[in-house]
Amino acid sequence: MKVKSPRILIAGALALLIFGGGSYVLGWSNLLTVRSVEITGAPTEQSKELISRSLDIQTGEKLARLDPRSISARLAANSWIQSSQVSRNWLNGKVKISVTSRVPVALYTEPGQPQVALDASGKTFTLPTDLPDELPKVSATSVASGLAAIKVFTELPQEFSAGIDRLSAARPSNLLIYGEFSGRDMRIIWGDGLDTDLKIKVITALLEQPENKSIRMIDVTAPHAPIVK
């Protein structure tokens with residue numbers, strides 16, 4: 001049987017020592033521990049504190065035992081957080097957490113459910129602060145109607161949706177819009193969620209016609225044959 005040379009044995013022992021020492025430093029030594037936690041992107045101090053309490057990252061905790069992907073997954077449980085990035089600085093012991101908050105563009109309500117915020121992608125979420133009253137309100141009588149209402153609202157150009165005070169859906173094919181357009185309070189019978197671009201063009205053209213200066217209702221359920229009153 002061939003005996004290994006002393007050099008091989010020494011090299012193996014050194015490798016084992018280095019590996020073991022590295023593992024100890026990463027997982028057990030006090031050299032690489034959390035010294036500070038920085039949270040950025042939270043919309044308010046209250047939401048920042050909410051993140052801090054939910055993660056509960058303690059000073060002195062081992063950096064190697066903090067998994068950035070796991071932390072991001074926990075942050076995703078907060079519906080108002082769109083995305084997050086987590087990094088560990090091995091030199092100064094800082095854990096940096098950067099979050100991107102969803103931006104509410106409307107308030108959404110279904111029967112029997114609390115009012116929530118709605119972002120431009122159609123995602124509903126709960127804000128960590130009070131809901132802003134000045135946002136347009138989208139309401140529906142059922143989940144199917146709600147999906148139709150959200151789809152239409154998020155497809156509308158900003159210059160049009162800015163005038164909306166309320167969008168309601170009794171049925172997916174029966175959407176109503178209330179708001180101020182061309183300086184007038186208007187009720188728009190929208191119909192279903194189809195032909196959004198065409199309906200916008202028809203409404204804009206009708207409002208520009210001098211003979212329609214007194215109208216308060218536009219029905220674009222059939223956009224090729226609109227009705228005004």
I'd like to know if [Y] and [X] are part of one continuous hydrophobic network [Ile/Leu/Val/Met/Phe/Trp/Tyr, side-chain heavy atoms within less than 4.5 Å].
| X | Y | value |
| --- | --- | --- |
| V152 | L135 | no |
| V116 | I81 | no |
| V138 | F125 | no |
| L147 | L175 | no |

Self-check item: Check ion pair D192-K199 (N to O, under 4.0 angstrom)
Solution: yes

Quiz item: So how far is it from K48 NZ to T40 OG1, rounded to the nearest 0.5 Å?
Solution: 8.5 Å

Practice problem: Assess the pair F181 and F160: is the distance between their ring centroids shorter than 6.0 Å? | Solution: yes

For atom [atom1] of [X], decide whether the heavy atoms of other residues, nucleotides or ligands shown that lie under 6.0 angstrom number more than 12.
| X | atom1 | value |
| --- | --- | --- |
| Q85 | CD | no |
| R69 | CZ | no |
| N89 | CG | yes |
| K137 | NZ | yes |

Quiz item: Any sub-3.5 Å donor-acceptor pair from D219's side-chain atoms to T221's backbone N or O?
Solution: yes

Practice problem: Please check if the side chain of N212 supplies one atom and the backbone of I215 the other of a donor-acceptor pair under 3.5 Å. | Solution: no

Quiz item: Can you find a side-chain donor-acceptor pair between S139 and T109 that sits under 3.5 Å?
Solution: no

Practice problem: Indicate whether the side chain of T196 and that of E155 have a donor and an acceptor atom separated by less than 3.5 Å. | Solution: yes

